[in-house]
*Asks:* 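Here it is, the structure, as structure tokens.
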Amino acid sequence: MSELYIRVAEDENEEPMEIPSEDDGTVLLSSVAAQFPGACGLRYRNPESQCMRGVRLVEGVLHAPESDWGNLVYVVNYPKDNKRKMDEIDAASAVKIKRGFQKTSDLIVLGLPWKTTEQDLKDYFTTFGEVIMVQVKRDAKTGNSKGFGFVRFTEYETQTKVIGQRHMIDGRWCDCKLPNSKACPDEPMRSRKIFVGRCTEDMTTDDLRQYFMQYGEVTDVFIPKPFRAFAFVTFADDQVAQALCGEDLIIKGISVHISNAEPKHNNSRQMMDRGRFGAGGSYYLRIHCLFILLHRKFIYG
DNA sequence: GTTGAGCGTT
């Protein structure tokens, strides 16, 4: 006669949970998945060989290894993709932890001489610390400088020092400030899709997919044609998307800006969120997202 | 072919 329940755990050392068996002694995979979402099978340690063995699975039905399930603890199998997803979430949270509140931002450089090039900027700012990005903004048609640009440093300390003083560059006094895009971050919204602003034309969908994979499973990349300097990237997990919103990321040497995909208007859901959390709510929601990522890391190791 | 406060081809 079969057991009424078998013991199942996520890990051999975890507290097992009792899962009901069917009248014929089998266990439905759906019964396991009801307690362990995403489960695709079971395994157990063979007491004789001390090796892990898989439980026979036929069309959603798990069959006892011997005549019955015995007193073993069965361990849940998850698809490889699921495991990879967890690793990616760890990677995303690791990025957050590493950066903490000391992360650097792009700085706008105002008052550049018309003749100043990116090489000039890099040469100048490298005297303060390691530079990871410089840009001189130019007129698309003429190529003339617009008299301002952007710089980003590796070290937060360098950024602080650079903001705190004026700069004589090629004979003119220039100022470095945090750009406006940093001052008012976009309102949060629970979307799996992010808007990637300031893309360049040489960024392919493959480039973007390859880059964003490090944060989580990417389910779609969309680049409008003709070229419009932005793209959309969709993740499998909205928490990964949300965690990236507001970031300036460097892809192929270019600083792109991440924000929520949907525009602020024509979205009633977002209006509701804004009403509930108020104007300053975005900060707390982002902390909340980070907290969720850390919590998962705690649970899944 | 110019210019001199600003904010990065949404």
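Convention: sequence-line order gives letters A, B, ...; per-chain numbering from 1.
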*Asks:* Report the distance from atom CD1 of A/Ile108 to atom P of B/dG4, rounded to the nearest whole Å.
*Replies:*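 My rounded result for the distance is 18 Å.
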*Asks:* Give A/Gly197 one of three labels, base, sugar-phosphate or nothing, depending on what nucleic acid heavy atoms sit under 4.0 Å from its own.
*Replies:*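 It contacts nothing in the nucleic acid.
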*Asks:* Given B/dG6, B/dT10, B/dT9, which nucleotide is nearest the side-chain atoms of A/Ala229?
*Replies:*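 Between B/dG6, B/dT10, B/dT9, the one nearest the side chain of A/Ala229 would be B/dT9.
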*Asks:* B/dG4, B/dG8, B/dT10: which one has an atom nearest the side-chain heavy atoms of A/Gln135?
*Replies:*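 In terms of side-chain proximity for A/Gln135, the closest of B/dG4, B/dG8, B/dT10 is B/dG8.
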*Asks:* Is it the case that the ring center of A/His167 lies less than 6.0 angstrom away from the ring center of A/Phe125?
*Replies:*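 Close enough - the centres of the two rings lie under 6.0 Å apart.
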*Asks:* Using whole Å, what does the distance between atom P of nucleotide B/dT10 and atom NZ of A/Lys225 come to?
*Replies:*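 Whole-Å distance recorded here is 17 Å.
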*Asks:* Expressed as a whole number of angstroms, how long is the span from A/Asn260:CG to B/dT10:C1'?
*Replies:*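 In whole Å, B/dT10 C1' and A/Asn260 CG are 13 Å from each other.
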*Asks:* What does A/Pro113 touch in the nucleic acid at a heavy-atom separation under 4.0 angstrom: a base, only the sugar-phosphate, or nothing?
*Replies:*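 Base contact.
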*Asks:* In terms of side-chain heavy atoms of A/Arg228, which of B/dG8, B/dT10, B/dT9 is nearest?
*Replies:*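 Closest nucleotide among those given: B/dT10.
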*Asks:* Any salt bridge between A/Arg166 and A/Asp175, counting N to O under 4.0 Å?
*Replies:*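 Salt bridge flag = yes for A/Asp175 with A/Arg166.
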*Asks:* Choosing from B/dT10, B/dG8, B/dT9, which nucleotide comes nearest the side chain of A/Ser181?
*Replies:*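 Nucleotide nearest to A/Ser181's side chain: B/dG8.
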*Asks:* Tell me whether A/Phe150 is stacked on the nucleobase of B/dG8, counting only the six-membered base ring and applying the 5.5 Å and 30° thresholds.
*Replies:*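 Yes, aromatic ring over the base.
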*Asks:* Taking OP1 and OP2 of B/dT9, is either one under 4.0 Å from a side-chain nitrogen or oxygen of A/Lys137?
*Replies:*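 Result: yes.
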*Asks:* Grab the CG-C1' distance between A/Asp139 and B/dG8 for me, whole Å please.
*Replies:*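 My rounded result for the distance is 14 Å.
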*Asks:* Rounding to an integer number of Å, can you tell me how far A/Ile251 CD1 sits from B/dG8 P?
*Replies:*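 Value for this atom pair: 19 Å.
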*Asks:* What's the closest nucleotide to the A/Trp114 side chain, out of B/dT10, B/dG4, B/dG8?
*Replies:*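 Within the option list, the nearest is B/dG4.
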*Asks:* Send over the distance from A/Lys177 NZ to B/dC7 C1', rounded to a whole Å.
*Replies:*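 So the NZ-C1' distance, A/Lys177 to B/dC7, works out to 10 Å.
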*Asks:* Nearest of B/dG8, B/dT10, B/dC7 to any side-chain atom of A/Met133?
*Replies:*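 Between B/dG8, B/dT10, B/dC7, the one nearest the side chain of A/Met133 would be B/dG8.
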*Asks:* Could you work out which one of B/dG6, B/dT10, B/dG8 sits closest to the side chain of A/Asp248?
*Replies:*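 The listed nucleotide nearest to A/Asp248's side chain is B/dG8.
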*Asks:* Both A/Thr200 and A/Gly147 contact DNA chain B. Taking the nearest nucleotide for each, which residue is further toward the 5' end?
*Replies:*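 Looking at the nearest nucleotide for each, A/Gly147 comes out on the 5' side.
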*Asks:* So what does A/Thr142 hit on the nucleic acid, given a heavy-atom distance under 4.0 Å: a base, only sugar-phosphate, or nothing?
*Replies:*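 Contact class for A/Thr142: none.
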*Asks:* Considering only heavy atoms and no angle criterion, is a donor-acceptor pair shorter than 3.5 Å present between the side chain of A/Asn180 and the base of B/dG6?
*Replies:*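 Such a pair does not exist between side chain and base.
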*Asks:* Starting at atom CZ of A/Arg166, determine the distance to atom C1' of B/dG4, rounded to an integer number of angstrom.
*Replies:*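 Checked: the CZ to C1' distance equals 12 Å.
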*Asks:* For A/Asp202, give me all partners under side chain to side chain contact (heavy atoms under 4.5 Å, CB included), at least two apart in sequence or on another chain.
*Replies:*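 Checked A/Asp202 against side chain to side chain contact (heavy atoms under 4.5 Å, CB included); matches are A/Thr200, A/Lys252.
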*Asks:* When you measure from the side chain of A/Pro179, which nucleotide among B/dG6, B/dT10, B/dG8 comes out closest?
*Replies:*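 Looking only at side-chain atoms, A/Pro179 lies closest to B/dG8.
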*Asks:* When the aromatic ring centroids of A/Trp69 and A/Tyr74 are compared, is their separation below 6.0 Å?
*Replies:*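 Yes, they do, as the ring centres are separated by less than 6.0 Å.
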*Asks:* What residues, two or more places apart in sequence or in another chain, satisfy side chain to side chain contact (heavy atoms under 4.5 Å, CB included) together with A/Asp220?
*Replies:*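 Applying side chain to side chain contact (heavy atoms under 4.5 Å, CB included) to A/Asp220 gives A/Phe222, A/Thr234.
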*Asks:* How many whole angstroms separate atom CG of A/Leu107 from atom C1' of B/dG6?
*Replies:*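 Nearest whole value for this atom pair: 16 Å.
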*Asks:* Using the rule for Phe, Tyr, His and the six-membered ring of Trp, do A/Phe148 and B/dC7 stack at under 5.5 Å and under 30°?
*Replies:*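 It does not: the two rings, one from A/Phe148 and one from B/dC7, miss the stacking criterion.
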*Asks:* At their closest point, which heavy atom of A/Ile223 faces which heavy atom of A/Phe230, and how far apart are they?
*Replies:*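 In this case the closest contact between A/Ile223 and A/Phe230 is CG2-O, 4.3 Å.
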*Asks:* Under 4.0 Å between any heavy atoms, over every strand shown, what does A/Leu112 touch: base, sugar-phosphate, or nothing? Just pick one.
*Replies:*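 A/Leu112: base contact, heavy atoms under 4.0 Å.
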*Asks:* To the side chain of A/Phe230, which of B/dG6, B/dT9, B/dT10 is closest?
*Replies:*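 Nearest to the side chain of A/Phe230 among the choices is B/dT10.
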